[in-house]
Number of protein chains: 2
Amino acid sequence: MPELRVHNLTVSVDGYAAGPRQRLEQPLGEGFGSMHEWMFAAMRDLADGKGGVDVEYVERSKENIGATIMGRNMFGPQRGPWEDESWTGWWGPNPPFHNDVFVHTHHLRPSVVMEGGTTFHFTDEPVEAVLARAFEAAAGKDVQLGGGAATVQQYLRAGLVDEMHCAVVPRLLCRGERLFDNLGDGIDGYRVAELVGSPAAAHVRLVRR
Amino acid sequence: MPELRVHNLTVSVDGYAAGPRQRLEQPLGEGFGSMHEWMFAAMRDLADGKGGVDVEYVERSKENIGATIMGRNMFGPQRGPWEDESWTGWWGPNPPFHNDVFVHTHHLRPSVVMEGGTTFHFTDEPVEAVLARAFEAAAGKDVQLGGGAATVQQYLRAGLVDEMHCAVVPRLLCRGERLFDNLGDGIDGYRVAELVGSPAAAHVRLVRR
């Protein structure tokens, strides 16, 4: 059965997946700064043919993905109605997804076809319906769930996530958006399958109980 | 200068330092169960002359400590006024502190002299005053701050902790008492000095910025 997977979700030691006041210049909020550096370093190592714990996790995140789901905050800094529809994501003309991407938003707009096989769809449907569309688009492959934290929480709360990988990095953010919050009883369905340290991060993998 | 140090504070991946409903049969709350197993295993290894990351952290926790501070929850399961004063801690007649131990409580009682050099003092003074007494008792050595989370938070909030070691263990607790909560701006004074993984835990060391 195809699965819904979260990968490379970076959190601080005190549990924040984003800092406060997310905006254009600070997509992941104040203080988040270099928190993804472990991942960029792993991507460079991967490109250079090097191995390591971080590289293995980044490699896994790319395997067998056929569609992507994300929240609007991961797609862009706007809140509320779109002022114009020229924004097509943070990633330039050829985004790294190369598949259908379903963006949760209350403010619908037409799908946007990008270079390289990425198409952004905007939906205000419930998580179950969006996931069903994503599985259909993935045609037998798995679906990757991106951030932000609020979107991941919605899917965890509904028990829809099959596997979640977080990278805990040696930083204190002190405030922002907590990953393990607003989960209700949904989180009871999960357990820690793996906790592995690298010099850059402690990798945690959650699976269903 | 002598320091105030926290060691071996065990937290779940989702950030809980204790489960809900702490009581006599469940001193650290429901679900906490075997979360300290990494530490007991390290103590056994230390006794057997074996090494390793966990052993190093446990060894460090024993070095140069001259007094101890803890919250009432760490001392015992009672809440409110003492029903009787026969309770002398979880640790039997010869507790593992072997120095003066200052227990924060709103309900004072006479000091209790135990075997092996441990004396429990009960105090309702502010953290600054208790710390001053503890430093005096420690006579030039460091002071160790035990749990629970609420007590550690008080000292962090006041910026009085010099060093804090937590062990993140591969468990989800889902509910209980969060370590990184109620910290106000106090936590801004700290940074992560170390994040090191062992097969049993990810060790985090916080120090002042």
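Owing to the predicted nature of the structure, the values given are computational and were not obtained by experimental measurement.
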- [ ] Against chain A, label B/Val196 side chain, backbone, both or neither, depending on which of its atoms sit under 4.5 Å from a heavy atom there.
- [x] neither
- [ ] Please flag which part of B/Leu179 lies under 4.5 Å from any non-hydrogen atom of chain A: side chain, backbone, both or neither.
- [x] neither
Of the listed residues ([options]), which shares the most heavy-atom pairs with chain A below a 4.5 Å separation?
options: B/Val13, B/Val204, B/Val11; result: B/Val13
options: B/Arg171, B/Arg191, B/Arg178; result: B/Arg178
options: B/Asp188, B/Leu183, B/Asp181; result: B/Asp188

Lys/Arg N to Asp/Glu carboxylate O, [X] vs [Y], below 4.0 Å:
X: B/Asp54; Y: B/Arg44; value: no
X: B/Glu194; Y: B/Arg60; value: yes
X: A/Arg5; Y: A/Asp162; value: no

Open item on the list: Please report the interatomic distance OH(B/Tyr190) to SG(A/Cys174), rounded to the nearest 0.5 Å.
Closed with: 11.0 Å
Task: Straight-line distance of B/Ile69 CD1 to B/Arg133 CZ, nearest 0.5 Å - done: 10.0 Å
Under 4.5 Å heavy-atom distance to chain B, tell me which part of [X] shows up: side chain, backbone, both or neither.
X: A/Leu173; answer: neither
X: A/Leu172; answer: both
X: A/Ala193; answer: neither
X: A/Arg175; answer: side chain

Open item on the list: Can you tell me how the ring of A/Phe75 sits relative to the ring of A/Trp91, calling it parallel under 30°, perpendicular over 60° and tilted otherwise?
Closed with: tilted
Task: Within the 6.0 Å centroid threshold, strictly below: B/His104 and B/Tyr155 - done: yes
